[in-house]
**Student:** 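Below you will find the structure I want to go over with you.
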Amino acid sequence: MTARLPLLRRTVQDDWIDYNGHLSEAYYVLVFGFATDALMDATGLDAAYRARSGHSLYTVEAHVRYLAEVPRGAELLVRTTVLGVGPRKVRFVHEMYAGEPSGEPVATEEVFALHVRRDGGRAAPLPQDTGRRLSALVRPAPEWAGRGIREV
């Protein structure tokens with residue numbers, strides 16, 4: 001595996017459009033969820049691992065920024081960057097673009113996730129090989145990461 005994740009691509013479906021004629025907020029999160037699944041698949045936390053081990057990655061905190069409206073039929077591209085890895089946790093960001101990843105993203109999501117034993121609901125150590133794969137993907141955080149909602 002290279003130290004760069006593949007880009008996730010999805011096309012905005014008609015039923016993802018809200019009453020304002022743009023991508024509904026829930027579907028931004030759906031597409032980001034697909035990107036998290038792709039990260040898990042690329043680093044050894046795929047369906048076979050989950051079935052075999054009884055462990056999975058659980059999102060425990062996420063911060064979404066909706067930056068631009070997305071029209072019906074737009075081709076979405078999500079770039080994922082791992083920001084940090086601990087024995088039981090991983091922090092990463094998704095940046096969503098309409099079209100190729102140039103210019104400004106239309107949305108971003110920052111995620112804090114724990115590796116959890118599903119039958120007990122407790123955090124558990126990541127497998128060593130997965131920890132190494134995730135660590136190889138770590139890059140500096142974008143300037144917007146780690147910021148909360150601004151006061152009005």
**Student:** Taking salt bridge (Lys or Arg N to Asp or Glu O under 4.0 Å) as the test, write out the residues that go with Asp15, two or more places apart.
**Tutor:**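 Counting only residues at least two positions away or on another chain, Asp15 forms no salt bridge (Lys or Arg N to Asp or Glu O under 4.0 Å).
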**Student:** If you define the side chain from C-beta out and look only at heavy atoms, does anything of Arg122 sit under 4.5 Å from Arg117?
**Tutor:**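 No; the side chains remain at least 4.5 Å from each other.
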**Student:** Do Pro87 and Leu126 have side chains that get closer than 4.5 Å, going by heavy atoms?
**Tutor:**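 No - every pair of side-chain heavy atoms lies 4.5 Å or more apart.
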**Student:** For the residue pair Leu83 and Pro142, establish whether any side-chain heavy-atom pair is separated by less than 4.5 Å.
**Tutor:**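 They are in contact (side-chain heavy atoms under 4.5 Å apart), so the answer is yes.
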**Student:** Does Glu95 have any side chain to side chain donor-acceptor pair (under 3.5 Å) partners at least two apart in sequence or in another chain, and if so, which?
**Tutor:**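 For Glu95 the side chain to side chain donor-acceptor pair (under 3.5 Å) partners, ignoring immediate neighbours, are Arg79.
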**Student:** Does this structure show an ion pair linking Asp46 with Arg50, if we count only N-O contacts that are shorter than 4.0 Å?
**Tutor:**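 Result for this pair is no, no salt bridge flagged.
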**Student:** Main chain of Thr43, side chain of Thr130: is a donor-acceptor contact present, judged purely on distance under 3.5 Å?
**Tutor:**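 It does hold such a pair.
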**Student:** With side-chain hydrogen bond (donor to acceptor under 3.5 Å, both in side chains) as the rule and sequence neighbours excluded, what pairs involving residues 20-32 come up?
**Tutor:**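 For residues 20-32, and leaving out neighbouring residues, the side-chain hydrogen bond (donor to acceptor under 3.5 Å, both in side chains) pairs sorted by first residue read His22-Glu69.
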**Student:** Has Glu110 got a side-chain atom pairing as donor or acceptor with Gly146's backbone, closer than 3.5 angstrom?
**Tutor:**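 Answer holds: yes.
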**Student:** Is the backbone of His55 close enough, under 3.5 Å, to the side chain of Ser53 for a donor and an acceptor to pair up by distance?
**Tutor:**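 Judged by distance alone, yes, a pair lies under 3.5 Å.
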**Student:** The criterion is side chain to side chain donor-acceptor pair (under 3.5 Å); which residues satisfy it with Tyr49, sequence neighbours excluded?
**Tutor:**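 Partners of Tyr49 by the side chain to side chain donor-acceptor pair (under 3.5 Å) criterion, ordered by chain and then number, come out as His115.
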**Student:** Any non-hydrogen side-chain atom of Met96 less than 4.5 Å from a side-chain atom of Pro105?
**Tutor:**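 Side-chain contact under 4.5 Å: no.
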**Student:** Are any non-hydrogen side-chain atoms of Trp144 and Val93 less than 4.5 angstrom apart?
**Tutor:**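 The answer is yes; the side chains approach within 4.5 Å.
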**Student:** Whether the side chain of Asp18 engages the backbone of Gly21 through a donor-acceptor N/O pair (distance < 3.5 Å, no angle test) should be reported.
**Tutor:**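 Yes, the answer is positive, given that a donor and an acceptor are paired below the 3.5 Å cut-off.
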**Student:** Using the rule that two of Ile, Leu, Val, Met, Phe, Trp, Tyr join whenever any of their side-chain heavy atoms come within less than 4.5 Å, decide whether Val29 and Ile17 are in one cluster.
**Tutor:**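 Hydrophobic grouping puts Val29 with Ile17.
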**Student:** Let me check something: do Val64 and Val70 share a hydrophobic cluster, defined by ILVMFWY side-chain heavy atoms less than 4.5 Å apart, either directly or through other members?
**Tutor:**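 Yes, same cluster.
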**Student:** Could you walk me through whether Val116 and Leu57 pass the side chain to side chain contact (heavy atoms under 4.5 Å, CB included) test, one step at a time?
**Tutor:** CA-CA 6 Å; Val116 173; Leu57 206 59; over 6 Å; no
**Student:** Quick one: do Val106 and Leu67 satisfy side chain to side chain contact (heavy atoms under 4.5 Å, CB included)? Show the steps, please.
**Tutor:** CA-CA 5 Å; Val106 297; Leu67 304 172; 5.6 Å; no
**Student:** Anything under 3.5 Å between a donor and an acceptor, one on a side chain of residues 30-39, the other on a protein residue two or more places apart or in another chain? List them.
**Tutor:**
{"from": "Thr36", "atom 1": "OG1", "to": "Phe32", "atom 2": "O", "distance (Å)": "3.3"}
{"from": "Thr36", "atom 1": "OG1", "to": "His94", "atom 2": "NE2", "distance (Å)": "2.9"}

**Student:** Transitively linked via ILVMFWY side-chain contacts under 4.5 Å: Val12 with Tyr97?
**Tutor:**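 Hydrophobic grouping puts Val12 apart from Tyr97.
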**Student:** Which residues pass the side chain to side chain donor-acceptor pair (under 3.5 Å) test with Ser56, sequence neighbours left out?
**Tutor:**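 With neighbours one apart ignored, the set is empty.
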**Student:** Would you say Arg65 and Thr108 are linked by a side-chain donor-acceptor pair, where the criterion is simply a distance under 3.5 Å?
**Tutor:**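 Distance-only check passes for Thr108 and Arg65.
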**Student:** Check the hydrophobic clustering (I, L, V, M, F, W, Y; side-chain heavy atoms under 4.5 Å; chains of links allowed) and say if Leu8 and Leu23 are grouped together.
**Tutor:**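 Yes; Leu23 is reachable from Leu8 via cluster members.
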